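A quick write-up on the structure given underneath.
Note that the structure is a prediction, hence the values are computed from the model and not measured. To find a chain, count down the sequence lines: A is the first, B the second, and so on, and within it residues start at 1.
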Amino acid sequence: MHLEEKINSAAYAAVETLYGEQMPADRLTVEPTRDNFEGDLTITAFKLARIAQKAPPIIAGELGEYLKEHVAEIAGYNVVKGFLNLTISDRYWLEVFARMRQAGNYGSAPSSGEVRMVEYASPNTNKPLHVGHARNIFLGHSMARILEANGHEVKKVQIINDRGVHICMSMLAWERWGNGETPASSGLKGDKLVGNYYVKFNREYTRQTQLVLEKFEAGNYGRLNEEQTTKAKALQALIRNDEKSAKDKNSAAAALKDLAKTQTDIIGEAQAMLRKWETNDPEVRRLWEMMNRWVYEGFDATYRAMGVDFDTIYYESETYLRGKEEVLKGLEKGVFYQKEDRSVWADLTEDGLDHKLVLRGDGTAVYMTQDIGTAILRFEENPGLMQQIYTVGNEQEYHFKVLFLILEKLGYKMARNNYHLSYGMVELPTGKMKSREGKVADADDLMEEVKEAAASITGTSGVIDEIPEADHEEIFRKIGMGALKYFLLKVDPVKGMMFDPAASVELVGHTGPFIQYSAARIRSILRKYEEKSELKPAENYHGEVNASARELIILLEQFPAIIRESGEKYTPSTLANYAFYVAKQYNRFNNDNHVLHAEIPELGAFRAGLCQLTLEVLTKSLYLLGIEVPERM
RNA sequence: GCCCCCGUAGUUCAAUGGAUAGAAUAGAAGUUUCCUAAACUUUAGAUCCAGGUUCGAUUCCUGGCGGGGGCACCA
């Protein structure tokens with residue numbers, strides 16, 4: 001039994017004995033004492049004031065006296081206002097320490113027998129990966145590992161958005177301006193090459209849109225039908241009306257621009273290409289397969305560099321038809337309804353949501369259609385799957401709320417457990433990223449930059465000279481990735497974040513490399529300890545535990561709870577911050593507790609044991625964040 | 001217009017309703033005859049505003065203000 005529980009039940013008994021009253025089960029809490037107060041554990045007595053009919057400080061004193069007598073581990077106590085601070089005996093902390101060391105796989109929970117799925121990455125195939133994807137990928141990958149540590153069996157998946165008009169944009173541009181360029185001929189990574197054509201397409205698209213807008217301005221509405229023309233004129237009037245707010249004007253301008261876009265030749269050609277794709281036109285399909293293959297090869301290289309992988313990859317081109325089937329089945333069952341124009345809708349007004357289109361009037365799939373198909377396929381393919389976790393940006397919150405509800409209505413009760421691991425946008429100091437304009441922090445470039453930063457800093461330290469040249473590259477990579485991953489994972493996912501490239505390659509302060517460095521130093525100490533010492537780590541020590549060692553032990557004891565919390569809240573950031581506190585506390589301990597020059601051998605052994613345990617916790621924490629620890633750095 | 005999320009030191013981030021709101025960085029001042037100074041120590045600096053609930057509110061509720069996002073037969 002944990003000491004907290006033991007103290008808790010003793011406190012209940014105390015209240016009954018002292019005040020003759022039973023109290024509700026959740027009335028008392030035993031928590032770690034704040035740093036700046038003396039003591040290890042704290043009970044708040046304010047809540048007992050009514051029951052005891054006394055002032056909180058008096059209650060705290062009486063409670064403290066009782067607990068000190070009845071709980072052997074309590075060595076003393078002090079009272080500040082209504083707070084009862086308990087000091088726990090060194091012997092107890094040494095027992096805790098021994099227990100942690102003996103636990104196999106310390107921190108992890110036993111198997112839950114549950115299967116969960118985490119989806120992440122899920123890029124479009126027409127643009128290279130940027131820092132926003134990096135946040136997504138690191139989050140999902142880390143979450144998968146954290147759930148595993150919580151005892152679940154985890155399947156890592158991604159869905160690749162490989163069909164639709166946006167793919168045709170790159171294809172069309174390549175056909176028109178590519179001159180047969182290939183990754184081999186140009187030396188470009190496949191995803192970069194395809195991305196270039198997406199940018200080229202959009203450049204032309206923007207140009208043509210501008211021309212259409214100019215025609216609108218001149219009163220020439222071209223192919224617009226009567227309804228559209230009326231709408232366009234109304235928007236133009238609104239934009240010219242000086243009584244309207246700037247915000248209204250901007251949105252009117254955006255609406256007019258959208259209208260103009262539909263009138264460009266180039267988008268018409270892209271849509272024609274999509275129709276050919278849907279009817280399996282061999283030439284279009286060949287081009288599509290070739291360009292997609294280039295992209296996949298490029299993505300795979302990026303994933304390898306990131307150190308992430310997947311158990312299963314789904315392609316929308318293979319699941320969207322399944323989605324259509326499911327929608328039609330749902331229509332038969334009465335889950336959906338059909339409008340006159342044959343479009344199919346879900347009525348979610350009973351659940352406080354809106355009406356939602358699930359199939360177009362012409363029978364083609366929308367985003368929702370595909371997601372329904374994919375989700376159902378996954379439940380079928382994975383018997384026992386009890387949860388699907390989608391790592392997707394927070395702009396999709398409404399979409400997933402609707403998706404989960406629809407799945408439930410279709411009879412997939414497990415969808416109730418589904419979770420949208422939503423995260424805020426990554427912003428650059430220079431402003432928003434726009435992939436259509438090619439203004440992004442490219443993921444491959446970033447990884448290269450952090451590696452170079454790691455190399456230049458590490459190169460100046462003396463340690464690197466003792467390491468064989470051949471291993472340098474690998475060490476720089478680990479450090480660079482540690483910096484980048486930690487930078488993106490330490491922030492609570494729900495928050496939008498500022499990505500400052502200069503800060504992300506920083507190796508000091510609240511960073512991944514700081515933690516890695518602490519671990520590397522422990523390794524170095526332990527190597528030397530094992531050479532020199534006759535005692536095994538932690539052997540035969542029963543003496544005092546000084547303040548910095550005690551605080552370290554208390555922190556390490558929280559590890560299993562932190563893993564649990566991180567999993568329950570779906571936030572690697574909790575774990576990331578914890579790892580930093582551990583490293584920080586270790587460094588304090590390290591500063592005034594010598595291992596190799598200890599006062600007596602047993603004390604050295606104790607400290608070496610504490611080093612070992614700290615290393616274990618740090619290494620595992622970083623592992624759960626997807627970060628590796630170099631042997632030396 | 002309706003809906004969702006976020007507002008904490010100069011900046012980037014923390015804080016199950018608890019005590020004197022933590023870090024990092026930038027600023028000031030220190031610590032290497034001793035295990036990796038990518039470290040450690042000291043110092044200065046913040047809860048958007050107004051109400052409410054509570055013994056106690058950064059946290060919960062209401063209303064403002066500021067920032068982001070969503071309300072498509074786009075994905």
Side-chain angles (χ1 to χ4, degrees), chain A residues 29 31 33-37 42 44 46-47 49-50 55-56 80-83 85 124 161 163-167 258 316 339 341-345 352-354 356-368 370-371 393-399 401 422 424-425 427 429 432 454 457-458 460-463 466 479 487 490-492 494-500 503 506-511 513-518 520-529 532 561 565 569 573-574 576-577 580-581 583-584 586-588 590-598 604 607-608 611 632-633:
Chain A
T29 49
E31 300 165 327
T33 303
R34 294 271 160 146
D35 277 346
N36 22 13
F37 293 92
T42 293
T44 53
F46 298 100
K47 296 161 189 174
R50 203 160 297 159
V80 181
K81 297 187 202 167
F83 296 92
N85 299 324
N124 288 337
N161 182 5
R163 51 155 236 122
V165 72
H166 56 287
I167 311 299
D258 283 348
E316 278 184 359
K339 287 190 180 172
D341 62 4
R342 304 196 59 78
S343 59
V344 181
W345 295 74
L353 302 176
D354 221 332
K356 184 80 186 177
L357 177 84
V358 289
L359 198 60
R360 290 198 192 103
D362 63 5
T364 57
V366 291
Y367 185 32
M368 188 57 77
Q370 311 177 150
D371 270 8
N394 62 8
E395 70 275 10
Q396 304 288 348
E397 251 153 36
Y398 186 74
H399 173 81
K401 212 184 266 183
S422 160
M425 201 174 0
E427 275 189 72
K432 267 188 215 171
I457 305 253
T458 309
T460 62
S461 86
V463 184
E466 303 164 17
I479 297 171
F487 187 86
K490 73 175 175 185
V491 181
D492 187 342
V494 307
K495 293 187 179 171
M497 68 177 293
M498 181 60 66
F499 184 81
D500 179 357
E506 202 51 64
L507 309 182
V508 300
H510 189 182
T511 66
F514 169 83
I515 305 170
Q516 290 171 311
Y517 179 69
S518 305
R521 276 167 75 196
I522 296 178
R523 285 199 165 137
S524 164
I525 291 172
L526 289 174
R527 269 194 302 271
K528 289 181 181 162
Y529 182 82
K532 281 188 191 168
E565 189 187 333
K569 285 168 42 185
S573 65
T574 303
N577 285 299
F580 175 70
Y581 300 142
K584 195 86 190 152
Y586 170 78
N587 282 327
R588 285 189 199 116
N590 177 61
N591 219 38
D592 45 43
N593 290 270
H594 283 250
V595 176
L596 303 181
H597 311 281
R607 290 169 181 169
C611 284
R632 299 160 195 262
M633 64 185 275

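Nucleotide rU32(B) carries a syn base; the chi torsion (O4'-C1'-N9-C4 or O4'-C1'-N1-C2) is within 90° of 0.
Within 4.0 Å of Met497(A), counting heavy atoms only, lie sugar-phosphate atoms of the nucleic acid but no base atom. As judged by a 4.0 angstrom heavy-atom cut-off over every strand, Arg588(A) is placed among residues touching the sugar-phosphate backbone only. Across all strands shown, Asp258(A) has no heavy atoms under 4.0 Å from either base or sugar-phosphate atoms. Counting any heavy atom pair closer than 4.0 Å across all strands shown, His597(A) reaches sugar-phosphate atoms only and no base atom. Here Asp371(A) lies out of heavy-atom contact (under 4.0 Å) with every strand. Note on Val508(A): only backbone sugar-phosphate atoms sit closer than 4.0 angstrom, heavy atoms only; bases stay farther off. Using a 4.0 Å heavy-atom distance criterion, Gly361(A) is classed as a base contact. Contact annotation for Val595(A): base contact, defined as any heavy-atom pair under 4.0 Å involving a base atom. Counting non-hydrogen atoms under 4.0 angstrom, Thr42(A) reaches a base of the nucleic acid. Backbone-only contact: Tyr581(A) has heavy atoms under 4.0 Å from sugar-phosphate atoms and none from a base. The residue Phe514(A) sits close only to the backbone: its heavy atoms come under 4.0 Å of sugar-phosphate atoms, none of a base. Residue Lys401(A) is out of contact with every strand shown, counting any heavy-atom pair closer than 4.0 Å.
Look at rA26(B): it lacks any Watson-Crick or wobble partner with both distances under 3.5 angstrom. Judged by Watson-Crick or G-U wobble contacts below 3.5 Å, the nucleotide rA39(B) has rU31(B) as its partner. Applying the Watson-Crick and G-U wobble criteria (two distances, each under 3.5 Å), rA21(B) pairs with nothing in any strand. Under the Watson-Crick or G-U wobble criterion, with both distances below 3.5 Å, rU54(B) is left unpaired in every strand shown. When Watson-Crick and G-U wobble pairs are counted only if both distances are under 3.5 Å, rU47(B) pairs with no nucleotide at all. With a cut-off of 3.5 Å on both Watson-Crick or G-U wobble distances, the partner of rU8(B) is given as none.
For the pair Arg34(A) and rA15(B), the criterion of a side-chain N or O lying under 4.0 Å from OP1 or OP2 is not met.
Comparing rA26(B) with rC74(B), their C1' atoms sit 44 Å apart, to the nearest whole Å. Nucleotides rC49(B) and rU58(B) have their C1' atoms positioned 14 Å apart, rounded to a whole Å. Nucleotides rA57(B) and rG51(B), compared at atom P, are 14 Å apart to the nearest Å. Between the C1' atoms of rU36(B) and rU42(B), the separation comes to 24 Å (whole Å). Using C1' as the reference atom, rC48(B) and rC6(B) are 12 Å apart when rounded to the nearest Å. Between rC5(B) and rG27(B), the distance separating the two C1' atoms is 35 Å to the nearest Å.
When each of Asp354(A) and Ala454(A) is assigned the nucleotide of RNA chain B with its nearest heavy atom, Ala454(A) is the one assigned upstream, toward the 5' end. Residue whose closest nucleotide on RNA chain B sits further toward the 5' end, between Lys81(A) and His594(A): Lys81(A).
Residue-to-nucleotide contacts include a donor-acceptor pair under 3.5 Å from the side chain of Thr458(A) to the base of rA38(B).
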Protein-nucleotides 42-46 of chain B N/O pairs under 3.5 Å:
none

